[in-house]
Amino acid sequence: MATIIPTIVISLVVLFCSTSCHCFVKAQNNDHFHSVQVSSLLPATDEEACNPSPKGNRRGNSLEVKHKHGPCSTLELDKSSRPSHVEILEHDESRVDSIRERVNPKLVEVDSVTDHKKVPKKDKIKQKAVGLPAKSGSTIGSGNYIVTVGLGTPKKDLNLIFDTGSDFTWTQCAPCTKSCYKQKDPVFDPSESSTYSNITCSSTLCTEVRSATSAPPGCSSTTCIYGIQYGDSSFSVGFFAKDTLSLGSHDIVQDFYFGCGENNQGLFGGSAGLMGLGRNQLSVISQCATKYGKVFSYCLPSKSSSTGHLTFGKGGTYAKSITYTPLLSSSSGPSFYFIDLQGMTVGGQKLSISPTVFSQGGVLIDSGTVITRLPPDAYSALQTAFSKAMSQYPKAPALSILDTCYDLSNYTTVTIPKIGLQFGGKAEIVLPASGIFYVKGLSQVCLAFAGNTDATDVAILGNVQQLTFDIVYDVAAGKLGFGSGGCL
Ligand SMILES: *[C@@H]1O[C@H](CO)[C@@H](O)[C@H](O)[C@H]1NC(C)=O
Ligand SMILES: *[C@@H]1O[C@H](CO)[C@@H](O)[C@H](O)[C@H]1NC(C)=O
């Protein structure tokens, strides 16, 4: 008996392996690679129709999210004014530069450092403190998404860029005493709204403008004046005001505080202004805290021919499973949503990156940054592993900040390694194919990640890598969720 049992066990193992293990290995392979129709990687063309994502059964209050450019955009004044891919990537780099300046730990050091010569970024910071309004917000960039909100009574529809990387909401206001850039919607006219009022300079709310715009408020007769400048020298200056904000068809927020811009300039792409979803007291999320409990979620569509959602309150996702990681805050960048990125995989293989590589400069998630920025060591590990897995495909020249590009024009399908991101709280996401590449055309398909130069610079999870995920910002519970397949 004793000798028979092992024989049975062995033959069972052999039997099991000869039938199942083969399939298992095959499945594993497919698990770690995307087999992709090359044509599906191409950006939407203007000839394509807008094909909105199905809304699903979201229970919160949802707004439709559209890409600023392309078939679903209602904003485009003139297609020829659309930025080129190189311009989009350059704007992205200046947005990232201004985020780095706002959160770089060196900023914190400045106050205590007496030996001025040793801090290279010091000069820039000093200049910022002198000029007014301070260069404070992020560059608006070109990779942004818009939503339609209603303002005033009766309500007027306005298309605003939504931005988790800034706090202050503003729109251009008639009579545009100094200047307004061209926008698609009629300019908001406060004199036509029965619920509009200016905020006075003596109001305590006026003092809160400083932290939301990074510039001290001014005063014109008795009206509180705000000024916000973005990294690329776009700006908005005007009256600090309140009015009724309508989100979706039925939700109304009374006494919503915002900027009524009389002097506005910059790359706002035909939008009426900006909606700030950061962590500051004046952000939409804080102002609507009692209504929505400091929870919002969004899904950014993979193509400009589709749409996503921005939902306030719980219930913004119908993804079957949401994986949560702690949402962190940092005193060096109090407006931003920090997350605990810990590791990465390429084609199922864990990259050897020391965990301190990510913690050194911190990692934040931003809706307006296009390309994910990684610490130098993490990017070089990713780049090496990805290039190795893609070695069968011919390389193409770099595209601006993207140095790992392929010419796929001779292929109909390609096999690309999946990229996984591991976060604190044992959360892991695997990027869909749309989250891996930035595609100029089939002859220049580039890995949509870039490396920071400095190991202490903040890393940023950009919006290419967020595409099609339902991303849940549960600020109240201090967690961020990812649900795959939130929109197309
Ligand atoms: C708001 O303040 C400005 C500047 O003082 C003034 O011109 C404007 O008429 C005020 N609007 C309202 C509705 O009070
Ligand atoms: C594509 O195929 C053509 C014809 O075989 C060849 O001449 C060309 O070099 C190929 N291009 C690339 C990028 O491999």
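First listed ligand is number 1; within each ligand, the first listed atom is number 1.
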Are Asp366 and Ile99 packed together at the side-chain level, in the sense that at least one heavy-atom pair is separated by less than 4.5 angstrom?
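Yes. Closest side-chain heavy atoms under 4.5 Å.
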Check whether any side-chain heavy atom of Thr244 sits under 4.5 Å from a side-chain heavy atom of Ile252, and report yes or no.
yes
Is atom 12 (C) of ligand 2 close to the protein, meaning a heavy atom under 4.0 Å from it?
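At least one protein heavy atom is under 4.0 Å away.
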Can you confirm whether something in the protein, heavy atoms only, sits under 4.0 Å from atom 9 (O) of ligand 1?
no
Taking the six-membered ring of Tyr406 as reference, does the NZ or CZ atom of Lys395 fall below 6.0 Å from its centre and within a 45° cone about the axis?
yes
Tyr298 ring center near Tyr473 ring center (under 6.0 Å):
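Ring-ring flag for Tyr298/Tyr473: true, centres closer than 6.0 Å.
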Per-atom contacts, ligand 1 versus [X] - under 4.0 Å to a heavy atom:
{"X": "Tyr196", "answer": "13 (C)"}
{"X": "Phe239", "answer": "3 (C), 4 (C)"}
{"X": "Ser221", "answer": "5 (O)"}
{"X": "Thr223", "answer": "1 (C), 2 (O), 3 (C), 4 (C), 5 (O)"}
{"X": "Ser220", "answer": "5 (O)"}

Pick whichever of Leu442, Asp407, Asn410, Leu408 has a heavy atom sitting closest to atom 1 (C) of ligand 2.
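The option holding the nearest heavy atom is Asn410.
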Note: heavy atom closest to atom 6 (C) of ligand 1, options Thr222, Ile199, Asn198, belongs to Asn198
Separation of SG atoms, Cys173 and Cys260, below 2.5 Å
yes
Give yes when the SG atoms of Cys50 and Cys72 are nearer than 2.5 Å, otherwise give no.
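Taking the criterion (SG atoms under 2.5 Å apart), Cys72 and Cys50 satisfy it, so yes.
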Near Lys350 NZ, under 6.0 Å, is it more than 12 heavy atoms from other residues, nucleotides or ligands?
yes
